Peer 1: 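What follows is a single structure, and I will ask about it in a moment.
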Amino acid sequence: MTVELAPSLLAADHARFGQQAQEVLATGETWLHVDVMDGRFVPNLSFGAEVVRALRPLCPLAFFDVHLMVVEPERYIEPFAAAGAHAITVHQEAAVHLQRTLAAIRETGCLAGVALNPATSPETLRYVLEDLDLVLVMTVNPGFGGQTFLPTAARKVGELAKLRAATGTKFKISVDGSVNVKTAPGLARDGADVLVAGSAIFNHTEGVAAGVAALREVLRT
Ligand code: DX5
Ligand code: ZN
């Protein structure tokens, strides 16, 4: 199953971001998931574009996958694109003018993504499927790592795979929230192209490389 793993830096040791990001790259993985929280769209605060700018020179081969959990996401497209993001994902529930926001992301040269909260239907994206490159299925309520997996929300992976086939569109399906050795195989089987994982990788008792290896192992079977 050729699935991208996107380790989520939210679960990394915030005092050693650079080192932890390099540990991920040393395993051969290239995606780095950057959770941006504003304390309004979600009840938590995380980090800004400067983290991406600071990490870029340390991880020249990395693909920075920025997940904006903010209100008025259109205000943050330029700063993250300028800092070196490769993909910028906004929440469907926060982007009032979603089509315009997706076009603005693509204009920067970044891939444009839309995240769906657990209660939000994929049908809300039917008229912008050609304007986006990635759909992020939240399998937890956004705002924190280490939460419990919501299997009902995970059903959207299969629905999106069908919608993609039926409409001849090419977007990637990414899943975010409590992805681990138990939940990852089913998500990949259902059609996930990218699996975001925080605790499963950065809180693995034997370290980052062991966390990545354990996920890769269950995705091999
Ligand atoms: C939650 C974030 C996730 C989170 C994943 O709002 O969007 O990326 O960091 O962490 P785990 O894998 O621990 O659920
Ligand atoms: Zn995320």
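Worth saying up front: this structure is predicted, and the values here are computed from it rather than measured. Read the numbers this way: they start at 1 and go in the same order the structure lists the ligands and their atoms. Atoms considered below: every heavy atom in the structure, side chains included; atoms not considered: hydrogens, waters and symmetry mates.
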Peer 1: Is there a side-chain contact between Asp35 and Val66 (heavy atoms, below 4.5 Å)?
Peer 2: no

Peer 1: Show the atoms of ligand 1 that are less than 4.0 angstrom away from any heavy atom in Gly177.
Peer 2: 14 (O)

Peer 1: Let me have the donor-acceptor pairs involving side chains of residues 197-208, under 3.5 Å, with sequence neighbours excluded, atom names and distances please.
Peer 2:
| residue | atom | partner | partner atom | Å |
| --- | --- | --- | --- | --- |
| Ser199 | OG | Gly146 | N | 3.4 |
| His204 | ND1 | Glu206 | N | 3.0 |

Peer 1: Looking at His33, which atoms of ligand 1 are within less than 4.0 Å of one of its heavy atoms?
Peer 2: 8 (O)

Peer 1: Restricting to non-hydrogen atoms, name the atom on Thr30 and the atom on Glu4 that form the minimum distance, rounded to 0.1 Å.
Peer 2: OG1-OE1, 4.1 Å

Peer 1: Charged N to carboxylate O below 4.0 Å: is that the case for Glu159 and Lys156?
Peer 2: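 No, this pair does not count.
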
Peer 1: So if I count the atoms of ligand 1 from 1 in the order they appear, which ones are less than 4.0 Å from some heavy atom of Gly145?
Peer 2: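 The list of qualifying atoms is 10 (O), 13 (O).
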
Peer 1: May I ask you to decide if the ring planes of His86 and Phe64 are parallel, tilted or perpendicular, using 30° and 60° as cut-offs?
Peer 2: parallel

Peer 1: Any N or O on His67 sitting closer than 3.5 Å to an N or O of ligand 1?
Peer 2: yes

Peer 1: Near Met69, which atoms of ligand 1 are under 4.0 Å from a heavy atom of that residue?
Peer 2: 6 (O), 7 (O)

Peer 1: Can you spot which of Asp176, Leu136, Val135 makes a side-chain contact (heavy atoms from CB on, under 4.5 Å) with Leu116?
Peer 2: Val135

Peer 1: Which protein heavy atom lies closest to atom 3 (C) of ligand 1, and at what distance to 0.1 Å?
Peer 2: Asp176 OD1, 3.0 Å

Peer 1: Of the protein's non-hydrogen atoms, which lies at the shortest distance from atom 1 (C) of ligand 1, and what is that distance?
Peer 2: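 Atom 1 (C) of ligand 1 sits closest to the protein heavy atom Phe144 O, 3.4 Å.
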
Peer 1: If you measure every N or O of Gly198 against every N or O of ligand 1, does any of those distances drop under 3.5 Å?
Peer 2: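 N/O-N/O distance under 3.5 Å: yes.
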
Peer 1: Does an N or O from Ser178, backbone or side chain, lie closer than 3.5 Å to an N or O of ligand 1?
Peer 2: yes

Peer 1: Check ligand 1 against Gly146 and write out every atom of the ligand that is under 4.0 Å from a heavy-atom position of the residue.
Peer 2: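 Answer, ordered by atom number: 11 (P), 13 (O), 14 (O).
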
Peer 1: Using a strict 4.0 Å cut-off to heavy atoms of Leu10, name the atoms of ligand 1 that fall inside it.
Peer 2: 9 (O)

Peer 1: Assess whether a salt bridge exists between Arg75 and Glu72, defined as any Lys/Arg side-chain N lying under 4.0 Å from an Asp/Glu carboxylate O.
Peer 2: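 Looking at Glu72 together with Arg75, the answer is yes, because their closest N to O distance falls below 4.0 Å.
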
Peer 1: Consider ligand 1: state whether an atom of it lies below 4.0 angstrom from any non-hydrogen atom of Ala197.
Peer 2: yes

Peer 1: For the pair Asp190 and Arg155, find out whether any cationic side-chain nitrogen is under 4.0 Å from an anionic carboxylate oxygen.
Peer 2: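 Here Asp190 does not pair with Arg155 in a salt bridge, since their nearest N and O are not under 4.0 Å apart.
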
Peer 1: Quick check on Arg100: does its CZ atom have over 12 non-hydrogen neighbours (other residues, nucleotides or ligands) under 6.0 Å away?
Peer 2: no

Peer 1: So, of the N/O/S atoms that Asp176 has, which is the nearest one to the Zn ion (ligand 2)?
Peer 2: OD2

Peer 1: Heavy-atom contacts with Ser199 under 4.0 Å: which atoms of ligand 1 show up? List them by number with element.
Peer 2: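 The list of qualifying atoms is 11 (P), 12 (O), 13 (O).
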
Peer 1: Any side-chain heavy-atom pair from Leu25 and Leu61 closer than 4.5 angstrom?
Peer 2: yes

Peer 1: Donor-acceptor pair, Arg164 side chain versus Thr169 backbone, under 3.5 Å?
Peer 2: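 Here the side-chain-to-backbone pair does not exist.
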
Peer 1: Students should be able to answer this: which protein heavy-atom is nearest to atom 6 (O) of ligand 1, and at what distance?
Peer 2: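 Here the closest protein heavy atom is Gly143 N, 2.7 Å.
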
Peer 1: Of all the N, O or S atoms in His67, which one sits nearest to the Zn ion (ligand 2)?
Peer 2: ND1

Peer 1: Considering only heavy atoms of Val196, which atoms of ligand 1 have at least one such atom less than 4.0 Å away?
Peer 2: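 Heavy-atom distances to Val196 below 4.0 Å select 8 (O).
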
Peer 1: Hey, does Phe63 have a side-chain heavy atom less than 4.5 Å from the side chain of Leu111?
Peer 2: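 Leu111 reaches Phe63 side chain to side chain.
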
Peer 1: Rounding to 10°, state the angle centred on the Zn ion (ligand 2) that links OD1 in Asp35 with NE2 in His33.
Peer 2: 90°

Peer 1: For ligand 1, note which part of Ser8 has a heavy atom under 4.0 Å away: side chain, backbone, both or neither.
Peer 2: side chain

